[in-house]
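Here's the structure we're looking at; comments come further down.
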Amino acid sequence: MSELRGIRLLNAVENGTVLGAELNIYLTDPGRLAELTVLYSQRGQAKRISNGQTTMTAIVSSIIATNAAFVQATESNDTIVAAIVQSSLAMSTVSTSASVLQKVSDNPTSWNYFRTSIYYEFHIKSIIANLSGVNPNLYGTASSLILDPVSMGDISVSERGMRALVNSTPSIVVMAGSSVAMALVADNTVAISLVANQTEIMPTIAASNQAMNEIVTRTIATGIMANNAGAIKAIAANNNAFNTFLSGAFFTTYLKSILANLAGVVPSNYADVNALIDDPIALGAISNSESAVKALKSSSSAMLYLAGSTNIGIILSSTLAMGLIGPDTAAMSSFLGAPGAWSGLFSSSVAKGYIVESTPLVNIVAANTALITYLKTIAVVASATGIPDGNATALQPFSGIPGKVLVLLAKEAGIAATFNPYNFGGSVLAGSQAGATLSLTAAAQLAHVAGYTNMTWNLQGIGVTAATLPIITYVNMA
């Protein structure tokens with residue numbers, strides 16, 4: 001009987017004998033409202049309602065009818081709300097009603113339709129304000145609402161208000177550009193979580209210096225970004241933002257999550273950063289991710305642990321990883337200072353290539369007595385061939401050695417105890433000792449730690465004979 005009465009009411013609405021205002025009066029009766037919601041839930045009736053222009057005009061003109069549709073909407077019962085959000089009148093009416101907005105916000109189906117309506121941005125000021133308990137009439141624009149510390153404070157502590165804000169691209173741009181607004185958001189766990197979860201807005205956040213500066217100075221905000229794969233990848237995609245993040249006070253606290261999320265492994269599967277390094281699969285994934293490697297090399301403690309790990313070869317054999325670590329003196333010094341890393345380091349042509357062409361790195365080698373002792377165990381002795389060309393102003397090729405060498409010692413061939421001046425050169429010289437004039441004798445070795453590419457030599461003295469040739473002890477760095 002009640003359904004029949006509901007159908008009669010619907011017929012009257014379709015015929016135009018009951019308009020929106022009258023429908024609203026009818027629906028103040030709970031019984032009448034229940035009858036209408038029954039029709040809403042019936043697919044055939046819902047389609048009939050949504051397809052009727054006169055009917056929908058009455059529905060959107062009745063705040064009670066509109067509210068009822070939003071309250072009961074589900075994924076399988078969304079026909080009415082899909083039609084309502086296409087109405088400028090309905091969107092305007094709902095946006096000015098805090099009570100209805102709350103119902104919309106709390107229903108995932110209704111909210112998804114509402115926030116994607118073409119009229120959403122037209123009413124964003126009222127939507128954000130009403131959902132946050134702020135009087136929208138006190139503000140001329142959404143921007144002024146967001147830039148006011150008082151109202152933004154209310155928005156930041158309102159889950160509904162923040163949900164509305166993060167679904168508005170223009171509003172996000174305003175918020176991200178304001179240090180005050182971002183500080184309020186970054187201080188609130190729910191607010192900053194909503195920002196991080198909205199992957200499509202994270203590039204805007206990452207592009208804002210104000211936003212990033214407020215995030216990295218707060219442990220909660222940093223942690224939320226680090227633990228959200230979409231958020232940290234968006235930050236990593238922006239070089240300035242990522243550099244800011246890596247230099248933040250709480251970066252190392254969340255390094256495990258940062259590395260795991262950037263590398264595409266599950267953070268919860270690992271106790272800490274060391275556990276990631278100990279797992280060949282995880283470390284392999286890190287070595288294949290430019291942003292993950294950049295994060296790894298930014299942590300001195302992680303690099304020291306890696307230097308002593310049996311898995312270091314995974315990094316050393318990765319062209320991508322070493323392309324980032326090799327030119328980084330601080331990162332490479334971790335390897336050079338760890339005896340456990342030496343074997344792998346000087347077995348990697350990629351790693352050796354960076355060392356032999358870097359003056360800071362060669363100088364680090366030269367200052368490490370234990371490392372020099374180790375290198376002598378893998379070094380090779382070679383003498384220049386031929387005879388000095390007699391040209392004191394030009395160097396001649398040092399034949400018979402690899403294209404890249406790290407020289408450790410030098411002496412003169414023969415048995416004479418006299419000293420002669422020599423110069424070494426090459427297309428690339430590295431180390432403070434490289435290129436110096438060396439006084440060599442056959443009677444003793446001279447320590448000379450320097451990197452040479454396409455090494456050359458010259459005798460600056462007289463007495464040009466076949467016996468007057470330099471002999472070097474070197475490590476093959478090719």
Side-chain (Ser247) to main-chain (Thr244) donor-acceptor, under 3.5 angstrom: yes
Sub-4.5 Å side-chain heavy-atom contact between Leu276 and Val265: yes
Test side chain to side chain contact (heavy atoms under 4.5 Å, CB included) applied to Val381 and Lys411, step by step: CA-CA 10 Å; Val381 177; Lys411 63 177 291 189; over 6 Å; no
Val407 side chain reached by Met455 side chain, heavy atoms, under 4.5 Å: yes
Check: Ile364 main-chain N/O paired with Asn368 side-chain donor or acceptor under 3.5 Å: no
Aromatic ring pairing Phe398/Phe424, orientation class (parallel under 30°, perpendicular over 60°, tilted between): perpendicular
Backbone N/O of Thr453 and side chain of Ser427: donor-acceptor pair under 3.5 Å: yes
Heavy-atom side-chain proximity of Leu101 to Val94 below 4.5 angstrom: yes
Evaluation steps, side chain to side chain contact (heavy atoms under 4.5 Å, CB included), between Ile401 and Tyr452: CA-CA 11 Å; Ile401 62 173; Tyr452 294 100; over 6 Å; no
Side chain proximity check, Phe346 to Ile355, heavy atoms < 4.5 angstrom: yes
Distance, nearest 0.5 Å, that separates CG of Leu255 from OG of Ser298: 8.5 Å
Donor-acceptor side-chain pairing of Asn228 and Asn197 below 3.5 angstrom: yes
Heavy-atom side-chain contact between Lys256 and Val273 under 4.5 Å: yes
Parallel, tilted or perpendicular: rings of Tyr120 and Trp111 (30°, 60°): perpendicular
pair Val216-Phe251: side-chain heavy atoms closer than 4.5 Å: no
salt_bridge(Glu290, Lys294) N-O dist < 4.0 Å: no
Asn458 side chain vs Asn423 backbone, donor-acceptor pair below 3.5 Å: no
Whether Phe245 and Phe242 hold their rings parallel, tilted or perpendicular, with breakpoints at 30° and 60°: parallel
Residues Ser132 and Asp154: side-chain donor-acceptor under 3.5 angstrom: no
Close side-chain approach of Leu409 and Lys376, heavy atoms under 4.5 Å: yes
Donor-acceptor pair, side chain of Asn130 and main chain of Ser95, under 3.5 angstrom: yes
Main-chain N/O of Val85 paired to Ser117 side chain as donor or acceptor, under 3.5 Å: yes
Close side-chain approach of Val356 to Val362, heavy-atom, < 4.5 Å: no
